[in-house]
Amino acid sequence: MASPKVGSIGEYIREQRTRAKISLRQLADVSGISNPYLSQIERGLRKPSAEILQQIAKGLRISAEALYVQAGILEDRTADTDVQTAIRADLLLTERQKQVLLDVYESFRRENEAAAATSERHRDTGKDEVE
């Protein structure tokens, strides 16, 4: 018996393909997966492997991680910010460009969190200036 996630990954792939405005045949061509097999995945009749999901993600130009989470292979991380969601959803960026942007964004967030924590410590100790 198929797990409940199988149908949802197929629906998710179909939704992403529709948003990208590409046909099933086009996705099959760019991902290197046969058209019938891809159709079965979208209809929830087949459970794709991580390798197949990676090929589909590449064809859709989306994050393979998003497909892994949807398929139940990976656990969902903390909720993305709107910025992270927008970067991951941008169809004009390559996976490498998306990852670089996400890494830079995350480094800025960590830097600001550290600065805020330092400022808070100085305020708590009565210091007026941040060293």
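Everything numeric here is computed off the predicted structure, so don't read it as measured data.
- For the pair Ser39 (side chain) and Asn35 (backbone), a donor-acceptor distance under 3.5 Å is absent.
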Distance-only donor-acceptor pairs under 3.5 Å for side chains of residues 100-108, two or more places apart:
unit_1: Asp103; atom_1: OD1; unit_2: Gln99; atom_2: NE2; d: 2.8
unit_1: Tyr105; atom_1: OH; unit_2: Thr81; atom_2: OG1; d: 3.2
unit_1: Tyr105; atom_1: OH; unit_2: Arg109; atom_2: NH1; d: 3.3
unit_1: Ser107; atom_1: OG; unit_2: Val104; atom_2: O; d: 2.7

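- Remark: Gln40 pairs with Arg46 by the side-chain hydrogen bond (donor to acceptor under 3.5 Å, both in side chains) rule, at least two apart or across chains.
- Of all non-hydrogen atoms in Ala28 and Ser34, the two that sit nearest each other are CB-C, 4.1 Å.
- In this structure, CD on Glu95 lies 10.0 Å from CG on Leu60, to the nearest 0.5 angstrom.
- What you find for Gly59 and Ile22 is that their closest heavy atoms are O-CD1, 4.3 Å.
- Atoms CZ and CZ, on Arg19 and Arg14 in that order, are 14.5 Å from each other to the nearest 0.5 Å.
- Taking the side chain as every heavy atom from C-beta outward, Asp29 and Arg25 approach each other to under 4.5 Å.
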Kindly indicate, with the supporting measurements, whether the criterion side-chain hydrogen bond (donor to acceptor under 3.5 Å, both in side chains) is fulfilled by Glu65 and Ser63.
-> CA-CA 5 Å; Glu65 183 179 300; Ser63 165; 5.3 Å; no
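- Annotation: the span from Ile56 atom CD1 to Tyr37 atom OH amounts to 7.5 Å, rounded to 0.5 Å.
- One distance of note links CG of Leu91 with CD of Gln16; it measures 8.0 Å at 0.5 Å rounding.
- The structure places CD of Glu42 at 7.0 Å from OG1 of Thr18, a figure rounded to the nearest 0.5 Å.
- Distance alone, capped at 3.5 Å, is enough to place a donor-acceptor pair between the Gln55 side chain and the Ser31 backbone.
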Just do the side chain to side chain contact (heavy atoms under 4.5 Å, CB included) check on Ile9 and Leu53 with the steps written out, would you?
-> CA-CA 9 Å; Ile9 185 62; Leu53 289 174; 4.0 Å; yes
CA sep, side-chain torsions, deciding dist, call: Ile41, Ile52, side chain to side chain contact (heavy atoms under 4.5 Å, CB included) = CA-CA 10 Å; Ile41 292 170; Ile52 295 293; 3.9 Å; yes
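- In this structure, Ile87 CD1 and Asp82 CG are separated by 11.0 Å, a value rounded to the nearest 0.5 Å.
- Shown here for Asp90 and Leu92, the closest heavy-atom pair between the two residues is OD1-N, 2.8 Å.
- Between the Lys98 side chain and the Arg61 main chain, a donor and an acceptor come within less than 3.5 Å of each other.
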